[in-house]
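The next block holds one structure in the form of structure tokens; read it before the comments.
Quantities reported herein were computed from a predicted structural model and do not represent experimental measurements.
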Amino acid sequence: MADVLALVEARLSDVLGAPDARAAVTFVGTDRVEVLRYTTGDLVRYATLGMSAQPMADPLATVADPLRGPRGELLLTVRAGLADTDKVLRPLAVLAASPQVEGLVIAPGGSLDTTEPLWPGAPFSAVLVAEPGGLVPDLTLPEPLDPVRFFPLLPMTPAEAAWKRVHGAAALQDRWLAHETDLRDALRTAVPLTA
């Protein structure tokens, strides 16, 4: 599946330019996951490369289809210089490996939790998976492979993650919008969660 990853990296480069840094993480029993960093003005974007090498399999399926099934990569955007966000590389790689390790199928509206701060001092340990296709368009692959989707990750504070579990992803996103929350602020506090 090296060809898939080459196509994915080419799509990322077409949209985001050349990465200015990259790191690789390998977990026992899984394929290598790279995290690429792109800096544009005051924004830093981190993109995983490796999650899409295999389709995400339904954990209830008796046999995983080696070709068919959803494929994706993760994208995280933060404002540069507010925190040591480059330490997010390992947590992002852990999240990208979760379909292989835990049988997760990552989809919009879902939550992913690292159980530790995303970077030193981060008020976030969880992320909300947002709708793909906005920043980086889906990458169509040859039949019978499903397209690769690029899922933006929106960091959530523990209070926001708990509130989202009760009220749902759409309600949390509406609350962020209503309060004009800067989701790229690496040090932001939780949005007000009471009426």
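- In this structure the side chain of Arg37 reaches within 4.5 angstrom of the side chain of Val44, judged on heavy atoms.
- Sorted by first and then second residue, the side-chain hydrogen bond (donor to acceptor under 3.5 Å, both in side chains) pairs with a member in residues 40-51 read Asp42-Arg79, Arg45-Thr77, Tyr46-Thr85, Tyr46-Asp86, Thr48-Glu73; sequence neighbours excluded.
- Ionic pairing of Arg90 and Glu116 is not present here: no N-O contact between side-chain nitrogen and carboxylate oxygen is shorter than 4.0 angstrom.
- Not one N or O on the side chain of Thr26 forms a donor-acceptor pair closer than 3.5 Å with the backbone of Arg32.
- Residue Phe124 comes nearest to Ala186 through the heavy atom pair CE1-O, 3.4 Å, listed as atom of the first residue, atom of the second, then distance.
- Counting heavy atoms from C-beta on, the side chains of Pro99 and Met51 come closer than 4.5 Å.
- Of all heavy-atom pairs spanning Thr114 and Pro91, the tightest one is CG2-CB, 4.0 Å.
- Closest approach of Pro137 to Arg11, counting heavy atoms only: O-NH1, 2.9 Å.
- Annotation for Gln54 and Asp31: closest pair NE2-OD2, 2.7 Å, computed over non-hydrogen atoms.
- Considering only heavy atoms from C-beta on, Val127 stays 4.5 Å or farther from Leu74 through its side chain.
- Closest approach of Val148 to Gly72, counting heavy atoms only: CG1-CA, 4.1 Å.
- With respect to Pro19, the side chain to side chain contact (heavy atoms under 4.5 Å, CB included) criterion is satisfied by exactly one of Leu36, Leu12, Val35: Leu36.
- In this structure, Pro132 and Asp138 approach most closely via the heavy-atom pair CB-OD1, 4.2 Å.
- Looking at Leu128 and Gln173, their side chains come closer than 4.5 Å, going by heavy atoms from C-beta outward.
- Using a 4.5 Å heavy-atom cutoff, the side chains of Leu5 and Glu34 are not in contact.
- No side-chain heavy atom of Val191 sits less than 4.5 Å from a side-chain heavy atom of Trp163.
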